[in-house]
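Report on one structure; see the data block that follows.
Fair warning: this is a prediction, and the values are worked out from it, not measured in the lab.
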Protein chains: 2
Amino acid sequence: MNIQFKKGVLELCVLSLLNRQDCYGYELVEHISKYINISEGTIYPLLRRFRKDGYVTTYLQESPEGPPRKYYKITDEGRKAFENLLEEWEAFIIGVNRIIRGE
Amino acid sequence: MNIQFKKGVLELCVLSLLNRQDCYGYELVEHISKYINISEGTIYPLLRRFRKDGYVTTYLQESPEGPPRKYYKITDEGRKAFENLLEEWEAFIIGVNRIIRGE
DNA sequence: TATGCTACCTTGTAATGCAAGATACTATTA
DNA sequence: TAATAGTATCTTGCATTACAAGGTAGCATA
């Protein structure tokens with residue numbers, strides 16, 4: 001797995017999942033790493049960035065197992081960011097494919 | 001254009017173009033930036049990395065305009081790297097799409 | 001007791017895109 | 001002649017970010 005591919009795309013993936021439902025950090029790692037190899041040391045700083053940028057809010061909830069879970073809830077601003085990012089991603093893929101396939 | 005998307009993908013694009021024909025740096029910038037916004041400060045260090053890793057060899061050729069052009073020629077090793085990178089890229093896209101589209 | 005799983009977090013390192021700037025050659029125009 | 005613009009190369013320093021590695025803590029099971 002090429003590390004560099006991931007840069008920027010993880011934000012898109014996380015926002016996409018949060019757009020469907022509130023999640024806690026560990027849950028996001030588990031879900032995403034089914035398809036893309038990521039670690040917790042990547043997700044937690046990213047979520048802190050999101051909160052700082054106003055893309056998510058958080059609330060605590062007790063867990064039936066282990067310490068309490070910190071849930072992340074996407075905001076309207078986060079939703080806008082997600083839509084922009086998704087558009088950019090799709091345009092990017094098209095551009096890359098044109099270059100790779102030789103126009 | 002999200003800067004982060006580009007990381008890693010530029011290597012794939014450059015190798016893909018060199019796989020079709022020898023190019024000089026400035027030419028690569030012009031070609032790629034038709035679809036993806038990149039600058040010379042990105043390409044030249046990348047090409048130096050490629051040479052260091054044995055993915056390309058170089059030769060100089062006079063230009064009808066401006067200073068001599070440094071052409072980059074892909075090696076067998078570079079071609080292998082390209083094929084691996086392409087496979088990884090395609091698998092990566094599939095994974096990302098699964099996450100974004102909700103499996 | 002200790003092992004393993006869940007769940008959170010931080011620190012330091014490595015990788016790399018880019019802005020900004022330098023250099024230099026050629027051609028065109030004032 | 002001087003100035004401008006285009007081609008073409010390169011370097012330095014900064015910002016971003018993924019991750020390995022480590023730490024803390026709660027709960028369940030052996």
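Looking only at side-chain heavy atoms (C-beta outward), B:V96 and B:F92 come within less than 4.5 Å of each other. Here the side chains of A:K70 and A:R51 are in contact, with some heavy-atom distance below 4.5 Å.
Here D:dA20 presents its C1' atom at 14 Å from CD1 of A:I38, a figure rounded to the nearest Å. Rounded to whole Å, atom C1' of D:dC19 lies 14 Å from atom CZ of A:R48. Put simply, CZ on B:F50 is 14 Å from C1' on C:dA15, counting in whole angstrom units. The separation between B:N37 atom CG and C:dA19 atom P is 7 Å, rounded to whole Å. In this structure, CZ of B:R49 is placed 12 Å from P of C:dC18, rounded to the nearest angstrom. Between A:E27 atom CD and C:dT6 atom P the separation is 12 Å, expressed in whole Å. Here the P atom of nucleotide C:dT16 and the CG atom of B:D53 are 9 Å apart, to the nearest Å. In this structure, B:L46 places its CG atom 14 Å from P of D:dT9, rounding to the nearest Å.
For B:R69, counting side-chain heavy atoms from C-beta on, the closest listed nucleotide (C:dG17, D:dA8, C:dT6) is D:dA8. Closest approach to the B:P67 side chain among D:dT11, C:dA24, C:dA7 is made by C:dA24 (side chain taken as heavy atoms from C-beta onward). Of the candidates D:dC10, D:dT11, C:dC8, D:dC10 carries the atom nearest the B:Y72 side chain, counting heavy atoms from C-beta on.
Comparing A:Y24 and B:L10 against DNA chain C, the residue whose closest nucleotide sits nearer the 5' end is A:Y24. In terms of position on DNA chain D, the residue among B:P68 and A:T42 whose nearest nucleotide sits closer to the 5' end is B:P68.
A salt bridge does not link B:E27 to B:K34: none of the charged side-chain nitrogens sits closer than 4.0 Å to a carboxylate oxygen.
Note on B:Y44: every side-chain N or O is 4.0 Å or more away from OP1 and OP2 of D:dC10. The phosphate of C:dT6 (OP1 or OP2) has a side-chain N or O of A:Y26 nearer than 4.0 angstrom. The side chain of A:S63 contributes an N or O atom lying less than 4.0 Å from OP1 or OP2 of C:dA7.
At a threshold of 4.0 angstrom between heavy atoms, the contacts of B:G25 are confined to the sugar-phosphate backbone, with no base atom among them.
Take B:K73 and apply the salt bridge (Lys or Arg N to Asp or Glu O under 4.0 Å) test, not counting sequence neighbours, and it matches B:D22. Not counting sequence neighbours, B:E77 has no partner by the side-chain hydrogen bond (donor to acceptor under 3.5 Å, both in side chains) test.
Between the side chain of B:E40 and the base of C:dC18, no donor-acceptor pair of N or O atoms lies under 3.5 Å.
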